[in-house]
Amino acid sequence: MFKLLRHLYKKDYLYILLAVMFIAGQVWLELKMPEYMSAITKLVQTEGSAMGDILQNGGMMLLCAFGSLISTIIAGYFVSCVGADFSYITRKRIFDKVESLSLNEVKKFSTSSLITRTTNDITQTRMLITMGANMLVRAPMSAIWAIVKIHGKSWEWSTATGIAVVILLATLITTMMIVIPRFKIIQKLTDRLNGVTRENLTGIRVVRAFNAEKYQEHKFDKSNTELADINRFVDRVMSVMSPVMYLIMNGITLVIYFLGAYLIGNSMMADKLTVFSDMVVFSSYAIHVIMSFLMVAMIFMMIPRAQVSADRINEVLDQEITIKDGSFDDDTAEKGTVEFRNVSFKYPDAEEYLLRNISFKAEKGQTVAFIGSTGSGKSTLINLVPRFYDATDGEVFVDGVNVKDYKQKALRRKLGYIPQKAVIFSGTVASNITYGDNGKNKPSERQIQTAAKVAQAKNFVEKLDKQYNSHVAQSGTNLSGGQKQRLAIARAVARDPEIYIFDDSFSALDYKTDAALRQALKEHTKDATSLIVAQRIGTIMHADQIIVLDKGECVGHGTHRELMKHCEIYREIALSQLTKEELNV
């Protein structure tokens, strides 16, 4: 928890100091009031006392109460500022950390878990700061000062107060032993509930198409019931604290007055007023002592849950980054070249290599295509270029420089990446096409239109109500699969990169659009290098180089004609899709 607090702004430490000062003032003013009440009690019981003296002490009590109120409000304001800054800083740090993690590291945390850690877990830790900090400072001050005030008044009253505190602490410890182990379970169940909810919302079309609403409801109810049951159990156990608190508070008052009556009855006539006054004051301070220990109890109830949340936050923040920035961000003599030298790759937790000994070089302006059966490693191979993963063995070069030596931003500014599943962001058509930073000026309106034209998106975009300013929903749910793919391609074209990476980016297009798009790309990107992963032979048969992958190994490398003659796997794939006449063989 304290590890997270180290990143607060400097002003927040000043706010904490000021809050402590005002809390101390609040406690001092509250503990002054019983003294004025004791003086009023003596004045009322003493003959010849002036009304002015009674009113003066009463006025001082009112001033103390008002001062305590103002101090509480000001201290609360400063603590709230610290809590708000803590939430802002921690949430930003988690987001920035996730942005810097590799794809493999992100997979260690589910999407629903990351959402819970960024929202619910931060809320739990913030509650400890805003509510617990006040009590954490106030409780010890109030308890110590109250004990000093009542010290030496009466051993009978002190013993009764001590017994009340022991009962309170015993109840607290028992309650904590029962509920603390369940706090971590609650957070995990919250992750699961978020995951089920997100899965249902993401796949709502499939759910409805297959009449699976009841199944999803049952799945949600199961997760929801488990979370509700454990929350209900924890709340029931913790609810014991409230009646115990009131029982002890009212009980200690009753015991003090009962013992006081006994002490008054056995004291000399001259001492009766003093004992009575001490009894009134002692009962007030005893309540402060009990309340202080109760606040400590509440803090100890909050700390375990907040600590679980803080540990989950730190788990993300402490995740080691395996893909680290290099230092190179200068211009290179070579432009648009990509070279693999004996590259092999396996996932960190895997035993076997997914890619083995891959070597090739793409020159500027060339088109290099990758084809193979599902799971042969095509997408993984091209993901090594933008460093979504790093090669386990061998080296990958872009423009003659090892990709590990580049600053990641400098490397990715050279690339135009179109993923296998088109990713569309909420906003407008124009904001999606101009998305990202390519190290140059933002594309102009003309460049946006040109990119849309090349990507064969212009026709459908200009039919929209507001054309390029038309709204696009999150994940492009108001667009078809082909429209989303074309916008993703337009985004890469508008970037004007040295190297294009197409990860099976034409799969949602019909053959006519596919052919028109490839022709437009060939003309527009003639000076750029293109790396294409595809399933369709028609998409890649005119590539300068075609690399055939099978079980992670290169089993064929050459042009379409060369591979049709010498590569059996390529020939089987080709003949399964097109006739010999269409294949020009």
Side-chain angles (χ1 to χ4, degrees), residues 335-340 343 355 358-374 376-386 396-398 414-420 454-456 485 488-489 492-493 497-509 511-550 553-585:
K335 295 291 181 182
T337 63
V338 178
E339 183 179 3
F340 277 54
V343 171
L355 296 171
I358 305 296
S359 297
F360 69 90
K361 184 173 184 178
E363 299 290 351
K364 179 180 178 180
Q366 282 191 340
T367 297
V368 179
F370 305 88
I371 195 167
S373 60
T374 302
S376 58
K378 303 183 298 297
S379 294
T380 302
L381 185 146
I382 61 170
N383 282 334
L384 299 178
V385 178
V396 180
F397 293 86
V398 169
K414 294 174 176 285
L415 309 176
Y417 177 73
I418 305 95
Q420 194 167 12
V454 171
Q456 307 302 302
Q485 259 190 359
I489 293 169
V493 173
E498 295 178 17
I499 302 162
Y500 287 88
I501 300 176
F502 297 94
D503 186 1
D504 199 10
S505 309
F506 309 100
S507 58
L509 304 180
Y511 285 100
K512 181 180 178 181
T513 305
D514 185 358
L517 175 56
R518 283 188 285 111
Q519 182 61 36
L521 282 172
K522 184 178 180 180
E523 295 173 2
H524 186 80
T525 64
K526 59 185 178 182
D527 294 327
T529 304
S530 296
L531 306 180
I532 303 176
V533 169
Q535 299 290 348
R536 294 178 184 172
I537 290 291
T539 302
I540 65 169
M541 59 189 296
H542 299 293
D544 299 296
Q545 299 181 57
I546 300 175
I547 295 172
V548 185
L549 296 176
D550 184 49
E553 296 182 350
C554 177
V555 294
H557 184 187
T559 64
H560 168 70
R561 287 185 176 276
E562 291 170 348
L563 291 171
M564 286 298 294
K565 292 178 181 178
H566 306 296
C567 181
E568 181 65 27
I569 291 176
Y570 181 81
R571 187 162 52 249
E572 288 177 2
I573 296 172
L575 291 174
S576 69
Q577 297 181 18
L578 300 173
T579 64
K580 289 185 177 181
E581 290 75 15
E582 291 172 318
L583 292 169
N584 296 321
V585 295

Inset, instruction - Return yes if some donor-acceptor pair links the side-chain N/O of T367 with the main-chain N/O of S530 below 3.5 Å, else return no. - result: no

Legend entry - Contact check, side chains of L531 and F370, non-hydrogen atoms, under 4.5 Å: yes

Legend entry - Spacing of CD belonging to Q456 relative to CD belonging to Q485, to within rounding of 0.5 Å: 13.0 Å

Inset, instruction - Report the relative orientation of the aromatic rings in H557 and F360; use parallel for angles under 30°, tilted for 30 to 60°, perpendicular for over 60°. - result: perpendicular

Legend entry - L563 side, atom CG; I569 side, atom CD1 - distance, nearest 0.5 Å: 11.0 Å

Legend entry - Inter-residue atom distance H542.NE2 - T559.OG1, 0.5 Å rounding: 12.0 Å

Legend entry - CD1-CZ distance between I382 and F340, expressed to the nearest 0.5 angstrom: 9.0 Å

Legend entry - Non-neighbouring partners of S359 that pass side-chain contact (heavy atoms from CB on, under 4.5 Å), sequence neighbours left out: N342

Inset, instruction - Look up atom NZ in K335 and atom CD1 in I499, then write down how far apart they are to the nearest 0.5 Å. - result: 10.0 Å

Inset, instruction - List the steps, then state whether side-chain contact (heavy atoms from CB on, under 4.5 Å) holds for L381 with I547. - result: CA-CA 11 Å; L381 185 146; I547 295 172; 5.8 Å; no

Inset, instruction - Quick one: closest heavy-atom pair of A520 and V454, and the distance? - result: CB-O, 3.6 Å

Legend entry - Shortest non-hydrogen contact between I418 and G416, atoms and distance: CD1-O, 3.8 Å

Legend entry - Smallest separation among heavy atoms of K378 and S376, with atom names: CG-OG, 3.5 Å

Legend entry - Side-chain heavy-atom pair V368, V338 within 4.5 angstrom cut-off: no

Inset, instruction - For residues D503 and S379, report the shortest heavy-atom separation together with the two atoms involved. - result: OD1-OG, 2.8 Å

Inset, instruction - Enter the distance from K414:NZ to T337:OG1 here, rounded to the nearest 0.5 Å. - result: 8.5 Å

Legend entry - salt bridge (charged side-chain N to carboxylate O under 4.0 Å, His left out): pairs with one or both residues in residues 363-373, sequence neighbours excluded: K361-E363

Legend entry - Exercise: do D550 and Y570 side chains pair donor with acceptor under 3.5 Å: no

Legend entry - Minimum heavy-atom distance D544-G365, with the two atoms named: OD2-O, 4.2 Å

Inset, instruction - Identify the two heavy atoms, one from V555 and one from C567, that lie closest to each other, and give their separation to 0.1 Å. - result: O-SG, 3.8 Å

Legend entry - Under the ring pair (Phe, Tyr, Trp, His ring centres under 6.0 Å) test, residues paired with F502 that sit two or more places apart: Y500, F506

